[in-house]
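Here's the structure, in structure tokens; my notes come after.
In what follows, every chain begins at residue 1, and chains take the letters A, B, ... in the order their sequences are listed. Remember, it's a predicted structure, so these values are computed and weren't measured experimentally.
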There are 2 protein chains.
Amino acid sequence: MGPTSRPSTSPPAIDPKLPMAPQVYGNIRQSILHLRLMPKQALSEKELALMLGVSRTPVREALIKLADDGLVDIFPQRGTFVAPIRVSEVLEAQFIREALEVSVVARVAERSDPEVVARLRESLARQKRAADAGDPEGFMVEDENFHFILSASVSLARAWKVIQNVKGQLDRVRIMSLPEPGHLGELYEQHLAIVEAIASGSAAAARKHMTKHLQQVFRTIDSLRKQRPDIFD
Amino acid sequence: MGPTSRPSTSPPAIDPKLPMAPQVYGNIRQSILHLRLMPKQALSEKELALMLGVSRTPVREALIKLADDGLVDIFPQRGTFVAPIRVSEVLEAQFIREALEVSVVARVAERSDPEVVARLRESLARQKRAADAGDPEGFMVEDENFHFILSASVSLARAWKVIQNVKGQLDRVRIMSLPEPGHLGELYEQHLAIVEAIASGSAAAARKHMTKHLQQVFRTIDSLRKQRPDIFD
DNA sequence: TCAAATACACTACCATGGTAGTATGTCAAT
DNA sequence: ATTGACATACTACCATGGTAGTGTATTTGA
């Protein structure tokens with residue numbers, strides 16, 4: 001691989017000027033979500049600290065937060081392990097996310113702010129480009145941004161934080177299914193329908209389309225359990 | 001105060017056999033919610049560690065988690081402070097809680113499990129006793145339990161965790177308003193209506209009554225802002 | 001050969017010392 | 001009287017050593 005080629009998802013380097021703990025958290029989290037750290041794999045504070053070039057304290061703090069997210073299991077005095085993909089927890093994360101995002105998008109549709117709609121349409125354009133180019137990584141980033149715009153536009157920062165946290169349980173299956181042919185286009189169409197509902201000021205339609213969009217993950221889980229039964233509970 | 005009198009809410013003692021960090025977290029959290037630690041008050045790792053008889057590490061970990069809950073503000077290299085009651089954050093917490101609990105109770109009503117209804121009625125009986133006795137502390141405990149039963153009965157442990165976390169923002173105002181005359185009875189009646197809806201299997205009615213119940217806090221905020229403007233942002 | 005006892009390597013947890021960064025109060029210079 | 005430099009006293013953050021508890025391999029007993 002030449003210096004110009006971008007690794008599929010390189011773990012971001014650690015900046016010694018910034019607080020270490022959040023960076024370590026983000027780094028490990030991304031590694032788990034992208035399955036560089038495989039489910040059930042043992043993680044050791046000492047080893048991670050060595051790899052990331054920091055001491056054990058920020059690593060420990062990061063692992064505690066990841067345990068809170070349900071992405072790692074900490075067994076006191078025994079060890080810390082990447083959490084297996086537990087279907088029940090994925091479904092519960094979906095339930096929580098759906099409850100929140102549907103409520104959020106309803107509020108967005110009630111306001112139906114043209115400036116917000118414009119920003120959403122810009123995001124849609126970028127999504128279309130990524131989908132047409134067959135760029136799952138790029139699409140993923142813009143997908144995140146799309147959903148962020150919704151929460152932020154109605155000043156629900158905390159809701160976004162909660163969604164982000166529980167979404168970790170969903171992202172591992174979502175990321176694995178992204179490369180499937182036609183999938184990106186499907187997601188784009190669903191986003192489009194949501195924006196149209198918002199633009200028309202119909203909270204009920206926005207709710208409906210968001211619900212359908214988020215329940216897409218059910219199909220993803222089914223197909224994935226057949227292909228990769230090894231990484232489930 | 002004699003040895004038989006129970007302090008209104010004594011901070012639970014630290015058990016050296018159990019993991020310290022969660023105990024410290026719970027202890028400080030309760031102190032904040034019950035306003036023994038006042039908004040904007042400075043907290044120092046060292047001082048808290050000394051008071052609780054533990055080292056600074058578990059205190060630090062507890063404070064990090066409390067910062068995540070929005071109950072303390074950590075300013076790196078400057079200090080940690082009990083978060084003021086920010087109305088915008090209280091309202092957002094209400095939004096999140098409402099979205100989740102309404103979805104939960106709808107699911108509970110869809111199932112309408114008689115065994116669950118029976119457990120809810122038992123909780124109602126205990127609430128009534130506490131309300132009639134004018135025991136806000138006892139009512140509060142049973143209130144928590146009531147809402148816990150709802151989430152647990154449909155196997156939504158994570159949802160309960162999320163609700164608990166964001167509810168911290170609401171509890172400070174809720175706890176202050178509990179002693180108001182007639183308030184306990186009101187809450188009891190609202191709980192009762194919710195249980196009736198569940199028993200009749202009407203998800204729509206359950207949603208409606210839960211929404212109304214949770215929006216009670218709006219009135220609480222209004223009256224409290226007039227009485228105690230000092231503790232708001 | 002097999003079971004119980006032991007030693008070992010490993011863990012997360014807690015305690016504590018060092019460091020860089022920030023606020024405040026003191027004092028000199030203008 | 002006001003401003004600037006400097007010393008001091010804090011802070012959160014990170015590094016690291018010690019400890020009790022846990023699995024596993026090894027040895028010891030028959």
Side-chain angles (χ1 to χ4, degrees), chain A residues 11-29 31-32 37-84 161, chain B residues 11-29 31-32 37-84 161:
Chain A
I14 304 283
D15 183 342
K17 298 295 285 185
L18 275 53
M20 316 296 299
Q23 295 186 78
V24 172
Y25 168 77
N27 190 304
I28 299 176
R29 182 185 169 100
S31 291
I32 291 175
L37 295 174
M38 294 297 290
K40 307 181 188 181
Q41 176 177 343
L43 301 177
S44 101
E45 287 181 5
K46 200 183 294 188
E47 195 179 337
L48 286 170
L50 203 65
M51 289 188 179
L52 299 175
V54 300
S55 85
R56 284 163 17 231
T57 300
V59 172
R60 171 174 161 75
E61 288 171 3
L63 290 177
I64 290 174
K65 191 159 168 50
L66 287 166
D68 209 61
D69 292 349
L71 291 177
V72 308
D73 296 325
I74 299 178
F75 301 96
Q77 284 29 303
R78 294 207 289 136
T80 300
F81 305 85
V82 178
K161 258 182 58 182
Chain B
I14 304 284
D15 182 342
K17 299 295 285 184
L18 276 53
M20 317 297 298
Q23 296 186 79
V24 172
Y25 167 77
N27 191 305
I28 300 176
R29 182 184 170 101
S31 291
I32 292 175
L37 295 174
M38 294 298 289
K40 308 183 188 179
Q41 176 177 344
L43 301 177
S44 101
E45 288 181 5
K46 200 184 292 188
E47 194 179 335
L48 286 170
L50 203 66
M51 288 188 180
L52 299 174
V54 300
S55 84
R56 284 162 17 229
T57 300
V59 172
R60 172 175 160 75
E61 289 170 3
L63 291 178
I64 289 173
K65 191 158 167 49
L66 287 167
D68 209 62
D69 293 350
L71 290 177
V72 309
D73 297 325
I74 300 178
F75 301 97
Q77 303 353 330
R78 296 207 288 136
T80 299
F81 305 84
V82 178
K161 259 183 56 182

(request) Assess whether side chain to side chain contact (heavy atoms under 4.5 Å, CB included) is satisfied between A/Val72 and A/Leu37, documenting all intermediate values. (result) CA-CA 11 Å; A/Val72 308; A/Leu37 295 174; over 6 Å; no
(request) Measure across A/Ile74 and A/Ala67 and return the closest heavy-atom pair with its distance rounded to 0.1 Å. (result) CD1-CB, 3.8 Å
(request) Check B/Ala83 against B/Gly70 and note the closest heavy-atom contact, atom names and distance. (result) CB-O, 3.5 Å
(request) Looking at every strand, decide which applies to B/Ala21 at a 4.0 Å heavy-atom threshold: base, sugar-phosphate, or nothing. (result) sugar-phosphate
(request) Considering only heavy atoms of chain A and a distance under 4.0 Å, specify the first and last nucleotide of DNA chain D in 5' to 3' order that meet this criterion. (result) D/dC14 to D/dG23
(request) Considering non-hydrogen atoms only, spot the tightest contact between A/Ala62 and A/Ala21 and give its length. (result) CB-O, 4.2 Å
(request) Among residues two or more places apart or on two chains, list those pairs meeting side-chain hydrogen bond (donor to acceptor under 3.5 Å, both in side chains) that have a residue in residues 43-66 of chain A. (result) A/Arg60-B/Glu61, A/Glu61-B/Arg60, A/Lys65-B/Asp68
(request) Would you name the heavy atoms of B/Met20 and B/Val54 that are closest together and state the gap between them? (result) CE-CG1, 3.0 Å
(message) Tell me the closest heavy-atom pair linking B/Val59 and B/Val24, and the distance in Å.
(response) CA-CG1, 4.0 Å
(request) Take B/Asp69 and B/Arg29, measure what side chain to side chain contact (heavy atoms under 4.5 Å, CB included) needs, and give me the verdict at the end. (result) CA-CA 10 Å; B/Asp69 293 350; B/Arg29 182 184 170 101; 3.0 Å; yes
(message) I'd like to compare against my own output: the B/S/- annotation of nucleotides 20-26 of chain C with a strict under-4.0 Å heavy-atom distance to protein.
(response) -BSS---
(message) Taking any heavy-atom pair under 4.0 Å as a contact, classify A/Leu43: base, sugar-phosphate, or nothing.
(response) sugar-phosphate
